[in-house]
Amino acid sequence: MPELPEVETIRRDLAAHLVGRVIDSVQLSREDILLETAGDDIVESLQGLTVTEVRRRGKNLIIDFEVQFALLVNLGMTGQLFVCGAQDELAEHTHMVAELSGGGRFVFRDVRRFGHIELVGADRVGESVTLRNVGVDAMSEGFTPEYLAEVLEGRTAILKSALLDQSRLAGLGNIYVCEALFRAGVHPEARCCDVTIDEIQRLHQAIREVLEESIAAEGTTISDYVTGRRVPGSFQERLEVYGREDEICRRSGCEASIMRIVQSNRSTFYCPGCQRGTRQQE
DNA sequence: CGGACAACCTGGTTGC
DNA sequence: TGCAACCAGGTTGTCC
């Protein structure tokens, strides 16, 4: 679920509701959600610490504490991280609950448990298992058309796969890759090395725009995703290709039906009318 | 290097 | 109604 816009939305909520708060106590109901971290360690280390900042890199959250620690969170497919009232009922699959001094709770919940939490010293954030292979963030200043060109240059790999590779460009997942390729009018099966300069420019702009618009809509809720205040996002109403197989393309003047194909075992949605590109001309 | 695929999990939907 | 098969937004590792 959570791609860059969803994680950014959660980050903003947590920044607003968690920064300055003190962790009173931590309850961990299962340890297998921890990465490179011992259960006792996290419970003992976090107690009494104040949250100073909440950052994001790609689809990962970094929660910084006043004293030497950072909590790194990847939400996987169904992970949720939110702040709620101290009396709110804890849903099934809640794995970690931090009681906040002055009331309220900070909760990690994850049905499928693909998500994980890692506790590291503040000086070890970059070398952490969670972040060490995370590349340039798609909303950062480092993500320029030139950088995108560099990522794609000379590679025979399939474009969609390359855009999903978090070690190069961090933040895109299956939904926004499909949406960005549609907006740019580029075919998902194109080879990286065949993408033209013009297409790279359009793709760069499309990626930025779709991410910005989704952040403004607080993300896409299809099943599990909720914001850091536990409400759904609304960008699902504005998806143009994702999940729209056999429906008519929304671009005016185009009457093609959206197609679904499988690439690397995952669904890709695109419009055969709008996204022609190299592959189609072969 | 890259691509195909399985694995990690649970739950919802589909089809027989 | 029951049950099996399949599907899902992510990441990692293996094998070829």
Side-chain angles (χ1 to χ4, degrees), chain A residues 1-10 29-36 56-61 72-81 91-95 108-118 128-135 137-138 150-182 188-194 210-211 214-215 217-227 232-245 260-269 279:
Chain A
M1 89 191 5
E3 304 180 33
L4 190 152
E6 290 74 35
V7 179
E8 175 61 18
T9 300
I10 293 168
S29 1
R30 53 187 310 157
E31 300 202 0
D32 58 3
I33 55 131
L34 299 178
L35 187 66
E36 305 275 310
R56 181 187 59 72
R57 260 187 71 187
K59 303 173 190 172
N60 303 280
L61 284 164
L72 312 178
V73 185
N74 183 290
L75 297 169
M77 299 263 262
T78 55
Q80 301 176 334
L81 206 53
E92 199 181 357
H93 308 294
T94 294
H95 307 309
F108 174 70
R109 173 171 185 258
D110 186 0
V111 173
R112 288 175 73 179
R113 305 207 305 278
F114 286 179
H116 57 75
I117 294 177
E118 181 179 8
S128 65
V129 173
T130 301
L131 294 175
R132 66 187 176 195
N133 291 324
V134 177
D137 187 274
E150 195 183 308
V151 165
L152 304 181
E153 190 181 11
R155 295 177 63 198
T156 56
I158 299 299
L159 178 60
K160 188 203 178 199
S161 309
L163 294 174
L164 284 172
D165 182 349
Q166 302 297 300
S167 70
R168 293 184 161 95
L169 178 59
L172 293 181
N174 209 31
I175 295 178
Y176 298 108
V177 164
C178 292
E179 295 297 313
L181 286 166
F182 170 76
E189 290 179 300
R191 293 204 174 269
C192 295
C193 54
D194 293 335
V210 75
L211 295 177
S214 183
I215 290 168
E218 301 198 296
T220 300
T221 295
I222 290 174
S223 57
D224 302 86
Y225 162 71
V226 289
T227 72
S234 65
F235 198 72
Q236 62 279 6
E237 295 161 16
R238 301 192 18 215
L239 297 175
E240 293 176 296
V241 287
Y242 186 84
R244 298 194 65 241
E245 183 179 15
R260 186 182 82 95
I261 56 174
V262 175
Q263 293 179 282
S264 305
N265 263 337
R266 310 183 67 189
S267 293
T268 297
F269 298 88
R279 179 60 179 240

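The sequence lines fix the lettering, A, B, ..., with proteins before strands; numbering per chain opens at 1.
- Counting to the nearest Å, the P atom of B/dG2 and the CG atom of A/Asp165 are 9 Å from each other.
- A donor-acceptor distance shorter than 3.5 angstrom exists from the side chain of A/Asp137 to the backbone of A/Gly58, with no hydrogens or angles considered.
- OP1 and OP2 of B/dC8 both lie 4.0 Å or more from every side-chain N or O belonging to A/Arg113.
- Counting to the nearest Å, the P atom of B/dC8 and the CG atom of A/Leu35 are 17 Å from each other.
- Atom CD of residue A/Glu6 and atom OG1 of residue A/Thr227 lie 11.0 Å apart, to the nearest 0.5 angstrom.
- Where A/Asp32 and A/Ser264 meet DNA chain B, the nucleotide closest to each residue was compared, and A/Ser264 sits on the side nearer the 5' end.
- For A/Thr78, no side-chain nitrogen or oxygen approaches OP1 or OP2 of B/dT10 to under 4.0 Å.
- Regarding A/Tyr225, its OH atom lies at a distance of 25 Å from the P atom of B/dT10, rounded to whole Å.
- C/dA8 atom C1' lies 12 Å from atom CD of A/Glu3, rounded to whole Å.
- Residue A/Ile222 contributes atom CD1, which lies 14 Å from atom C1' of B/dG12 at whole-angstrom precision.
- A 6.0 Å sphere centred on CD of A/Glu153 holds no more than 12 heavy atoms belonging to other residues, nucleotides or ligands.
- Atom-to-atom, CG of A/Asn265 to C1' of B/dC8 comes out at 15 Å; the value is rounded to the nearest Å.
- The same atom, P, is picked in B/dA6 and in C/dC6; the two are 12 Å apart, to the nearest Å.
- The OG1 atom of A/Thr130 sits 11.0 Å away from the CG atom of A/Leu61 when rounded to the nearest 0.5 Å.
- Between A/Gln166 and A/Arg112, the residue whose closest nucleotide on DNA chain C is further toward the 5' end is A/Arg112.
- Distances were taken from every side-chain heavy atom of A/Phe114 (C-beta onward) to each of B/dC9, B/dG11, B/dA6; the shortest belongs to B/dC9.
- Among the heavy atoms of the strands lying under 4.0 Å from A/His93 are primed sugar atoms or P, OP1, OP2 only; no base atom is included.
- Residue A/Arg155 has a polar side-chain atom (N or O) positioned under 4.0 Å from OP1 or OP2 of B/dG2.
- Counting to the nearest Å, the C1' atom of C/dC7 and the OH atom of A/Tyr242 are 10 Å from each other.
- Summarising the geometry, atom CD1 belonging to A/Ile10 is positioned 5.5 Å from atom OH belonging to A/Tyr225; distances are rounded to the nearest 0.5 Å.
- A/Gln80 places no side-chain N or O within 3.5 Å of a backbone atom of A/Arg109 that could act as its donor or acceptor partner.
- With hydrogens and angles disregarded, no donor-acceptor distance shorter than 3.5 Å links the side chain of A/Arg191 to the backbone of A/Arg155.
- Ranking B/dC9, C/dT11, B/dG11 by closeness to the A/Asn74 side chain, first place goes to C/dT11.
- Checking C/dA8, B/dT10, B/dG3 against every side-chain atom of A/Val111, the shortest atom distance belongs to B/dT10.
- When heavy atoms are screened at a 4.0 angstrom cut-off, A/Asp110 is found touching no nucleic acid atom at all.
- Between the NZ atom of A/Lys59 and the P atom of C/dT12 there is a distance of 10 Å, rounded to whole Å.
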Give the dot-bracket string for DNA chain B, reading 5' to 3', where a pair is Watson-Crick or G-U wobble with both distances under 3.5 Å, ( ) marks pairs inside the strand, [ ] marks pairs crossing earlier ones, | marks a partner on another strand, and . marks unpaired. .|||||||.|||||||
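- Relative orientation of the A/Phe235 and A/Tyr176 rings is tilted, given thresholds of 30° and 60° on the angle between their planes.
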